[in-house]
Participant: 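Following this message is one structure expressed as structure tokens.
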Amino acid sequence: MYVLYTILASLGFFFVLKWMKKRKYCTDLKRLDGKTVLITGGNSGVGKDTAVSMAMRGARVIIACRDLDKAEKAVREIKFKSHSLNVFHMELDLANLRSVREFCKNFVQKEKRLDILINNAAMPGVLDCTDDNFSMCFGVNHLGHFLLTNLLLPQLKECAPSRVVTLTCSSYKYQKLDFQDLNYNLLPFFTYCRSKLANIYFSQELARITQGKGVTSYAVHPGFVQSGWTCHYSVLFRMLMQVIMWMFFVSSEIGAQTVIYCAVSDEAAKHSGGYFVDCRPATLRPFARDAGVAKKLWEASERLVKLV
Ligand SMILES: NC(=O)c1ccc[n+]([C@@H]2O[C@H](COP(=O)([O-])OP(=O)(O)OC[C@H]3O[C@@H](n4cnc5c(N)ncnc54)[C@H](OP(=O)(O)O)[C@@H]3O)[C@@H](O)[C@H]2O)c1
């Protein structure tokens, strides 16, 4: 009897886990032949799986990475999985605004097109600073991508209709932005939440200023994903997270589905400025839909990265 109860409880637990991990797949099979897709941090996790899908659809794929060894290895893997040779890497360190400017200069010189920009790279909550003395999360996750997108915007407009997909996280809801202290660097998890909230405001304001210019913008929460982000923490935390991730988090292939959906689907294109979860538009908390805050953050970011 005891054995039977154990088997039933294990089966129940297994099915609950499977149900929790159930996610929608992007079913849009649109081809991207002749299009160029740029993915920041495409050497691991969600970015790498997104790159595989983009390459399979015929796009020219460029992953922008800070570590060239990891990037080369990822390019080989993406080529192998997608059966495409049209995959390349370029050097980009989002923690250094000079590197972002250098990258954009090279990109515009080398590449004729940019049809889809995927702002995927991110640092999890760590108390560190970028080379320009911004908190790591705010600097990499928001400011680096802010400058990158702005410098590549002329090329995106030339290739219209084009798209910008920015990865955020549902944990945006645990914090608000403090304009007196945008560079907040106190509690690691909260620095991450604020940077992901900034990603949402950025995506909305980008949609507003590019309205009618053929560029659309989407913010995506990929779900909780088994990926490489734990490498920034201690061995003990990593071991604990491996167990939790195995039980409750989805694979990075599944995590990539909503990103792919926003990059290709005609349905998504109707919701520029929207927030997407599980391959459909989702509702944000009211404070995260404040157009005034989004505009204020845009203007503050322009000053911080010295665009104005
Ligand atoms: N995993 C989740 O549960 C989860 C949940 C919600 C949202 N997200 C979001 O999904 C996106 C993808 O995350 P992931 O889970 O796939 O994480 P990941 O495997 O850790 O990938 C992050 C990528 O960002 C790159 N990166 C970090 N700092 C960089 C810098 N300064 N310059 C250039 N690239 C840099 C990393 O490069 P290195 O390999 O060189 O470090 C890596 O390729 C992120 O925006 C994340 O916030 C993830």
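Counting convention: from 1, in listed order, for ligands and their atoms alike. From a predicted model like this one, the values you see are computed outputs, not experimental measurements.
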Participant: Who gets closest to atom 32 (N) of ligand 1 by heavy atom: Asp49, Asn141, Leu94?
Facilitator: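 Residue with the shortest heavy-atom distance to the ligand atom: Leu94.
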
Participant: Could you check which of Leu92, Leu167, Ile39 puts a non-hydrogen atom nearest to atom 33 (C) of ligand 1?
Facilitator: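 Looking at heavy atoms only, the winner is Leu92.
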
Participant: So for ligand 1, is Gly41 a polar contact partner (N or O within less than 3.5 Å, distance only)?
Facilitator: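 Yes, since at least one N or O of Gly41 sits under 3.5 Å from an N or O of ligand 1.
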
Participant: Taking both backbone and side-chain atoms of His232, is any N or O found less than 3.5 Å from an N or O belonging to ligand 1?
Facilitator: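 Looking only at distances, the answer is no, because the N/O contact criterion of under 3.5 Å is not met.
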
Participant: Is the side chain of Gln226 donor-acceptor paired with the backbone N or O of Ser251 at a distance under 3.5 Å, no angle test?
Facilitator: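 It does not hold such a pair.
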
Participant: Look only at the side chain of Ser217 and the backbone of Ser203, and say whether a donor-acceptor pair between them is shorter than 3.5 Å.
Facilitator: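 Looks like yes, one N/O pair under 3.5 Å.
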
Participant: Got a donor-acceptor contact below 3.5 angstrom from the Asp49 side chain to the Ala256 backbone?
Facilitator: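 No; zero donor-acceptor contacts below 3.5 Å.
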
Participant: Counting heavy atoms only, which of Gly42, Ala122, Gly255 is nearest atom 22 (C) of ligand 1?
Facilitator: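 Comparing heavy atoms across Gly42, Ala122, Gly255, the nearest one to atom 22 (C) of ligand 1 lies in Ala122.
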
Participant: Does some non-hydrogen atom of Thr168 fall short of 4.0 Å from ligand 1?
Facilitator: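 Yes, Thr168 has heavy atoms under 4.0 Å from ligand 1.
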
Participant: Indicate yes or no for a side-chain donor-acceptor contact from Lys157 to the backbone of Ser162 under 3.5 Å, with no hydrogens or angles considered.
Facilitator: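 Not confirmed, Lys157 side chain does not pair with Ser162 backbone.
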
Participant: Suppose we measure from atom 20 (O) of ligand 1 to each protein heavy atom; which comes out shortest, and what is that distance?
Facilitator: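 Heavy-atom neighbour on the protein nearest atom 20 (O) of ligand 1: Trp229 N, 3.2 Å.
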
Participant: Do side-chain atoms of Gln211 reach the backbone of Ser272 as a donor and acceptor pair under 3.5 angstrom?
Facilitator: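 Not at all, since once roles are kept as given, no pair shorter than 3.5 Å links the two residues.
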
Participant: Is the backbone of Tyr192 close enough, under 3.5 Å, to the side chain of Ser195 for a donor and an acceptor to pair up by distance?
Facilitator: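 Such a contact is found between Ser195 side chain and Tyr192 backbone.
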
Participant: Please state which part of Gln226 comes within less than 4.0 Å of ligand 1, counting heavy atoms only: side chain, backbone, both or neither.
Facilitator: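 No part of Gln226 is near ligand 1 at this cut-off.
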
Participant: If we set the cut-off at 4.0 Å for heavy atoms, which region of Thr40 has an atom near ligand 1: side chain, backbone, both, or neither?
Facilitator: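 For Thr40, no heavy atom sits under 4.0 Å from ligand 1.
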
Participant: Using ring-ring contact (aromatic ring centres under 6.0 Å, His included) as the criterion, point out the one residue from Trp298, Tyr275, Tyr172 that pairs with Phe202.
Facilitator: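 Of the listed residues Trp298, Tyr275, Tyr172, the ring-ring contact (aromatic ring centres under 6.0 Å, His included) partner of Phe202 is Trp298.
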
Participant: May I ask you to check whether over 12 heavy atoms, not counting those of Lys30, lie within 6.0 Å of atom NZ?
Facilitator: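 Yes, enclosed.
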
Participant: Which residue from Ser227, Gly45, Ser170 reaches closest to atom 14 (P) of ligand 1 through any of its heavy atoms?
Facilitator: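 Among Ser227, Gly45, Ser170, the closest heavy atom to atom 14 (P) of ligand 1 belongs to Ser227.
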
Participant: Would you say the side-chain atoms of Glu111 pair up with the backbone N or O of Leu38, donor to acceptor, closer than 3.5 Å?
Facilitator: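 Side chain of Glu111 to backbone of Leu38, a donor-acceptor pair under 3.5 Å: no, none is there.
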
Participant: Look at ligand 1 and say whether Lys196 reaches it with a heavy atom at a distance under 4.0 Å.
Facilitator: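 Flag set, Lys196 near ligand 1.
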
Participant: If you take the nearest heavy atom of each of Asn119, Asn120, Leu148, which one is closest to atom 12 (C) of ligand 1?
Facilitator: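 Heavy atom nearest to atom 12 (C) of ligand 1 belongs to Asn120.
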
Participant: With a 6.0 Å cut-off (strictly less than), is the heavy-atom count around OH of Tyr174, excluding the residue itself, greater than 12?
Facilitator: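 No, OH of Tyr174 has 12 or fewer neighbouring heavy atoms, counting only those of other groups under 6.0 Å.
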
Participant: Side chain or backbone, does Asp67 bring an N or O within less than 3.5 Å of an N or O on ligand 1?
Facilitator: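 N/O-N/O distance below 3.5 Å does not exist for this pair.
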
Participant: Below 3.5 angstrom, do we get any N/O pair linking Tyr192 and ligand 1?
Facilitator: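 Yes - when backbone and side-chain N and O of Tyr192 are compared with those of ligand 1, one distance drops under 3.5 Å.
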
Participant: For Pro222, is the nearest heavy atom under 4.0 Å from an atom of ligand 1?
Facilitator: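 Checking ligand 1 against Pro222, which is what was asked, there is a heavy-atom contact under 4.0 Å.
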
Participant: Could you tell me whether ligand 1 has any atom less than 4.0 Å away from a heavy atom of Gly223?
Facilitator: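 The answer is yes: ligand 1 sits under 4.0 Å from a heavy atom of Gly223.
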
Participant: For ligand 1, find out whether one of its N or O atoms is nearer than 3.5 Å to an N or O atom of Met123.
Facilitator: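 No.
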
Participant: With a cut-off of 6.0 Å (strictly less than), are more than 12 heavy atoms of other residues, nucleotides or ligands near CZ of Phe287?
Facilitator: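 Yes, because the 6.0 Å sphere around CZ of Phe287 holds more than 12 heavy atoms from other groups.
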
Participant: When you measure from the side chain of Asn141 to the backbone of Ala122, do you find a donor-acceptor pair of N or O atoms at a distance under 3.5 Å?
Facilitator: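 No; zero donor-acceptor contacts below 3.5 Å.
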
Participant: Does Thr258 use its side chain to pair, donor to acceptor, with the backbone of Asp278 at less than 3.5 Å?
Facilitator: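 Side chain of Thr258 to backbone of Asp278, a donor-acceptor pair under 3.5 Å: yes, one is there.
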
Participant: Show which atoms of ligand 1 fall inside a sub-4.0 Å distance from at least one heavy-atom site of Phe224.
Facilitator: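 In order of number, 3 (O).
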
Participant: Could you say whether the N/O atoms of Val46 and ligand 1 ever approach to under 3.5 Å?
Facilitator: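 There is such a contact, yes.
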
Participant: Decide whether an N or O pair under 3.5 Å exists between Gly228 and ligand 1.
Facilitator: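 Between Gly228 and ligand 1 (N or O atoms, distance only) the closest approach is under 3.5 Å.
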
Participant: Residue-level breakdown please: for Asn96 versus ligand 1, do any non-hydrogen atoms fall below 4.0 Å on the side chain, on the backbone, on both, or on neither?
Facilitator: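 For Asn96, there is no contact with ligand 1 at all, from either part.
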
Participant: Among protein heavy atoms, which lies nearest atom 41 (O) of ligand 1, and at what distance?
Facilitator: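 Of the protein heavy atoms, Arg66 NH2, 2.6 Å lies nearest.
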
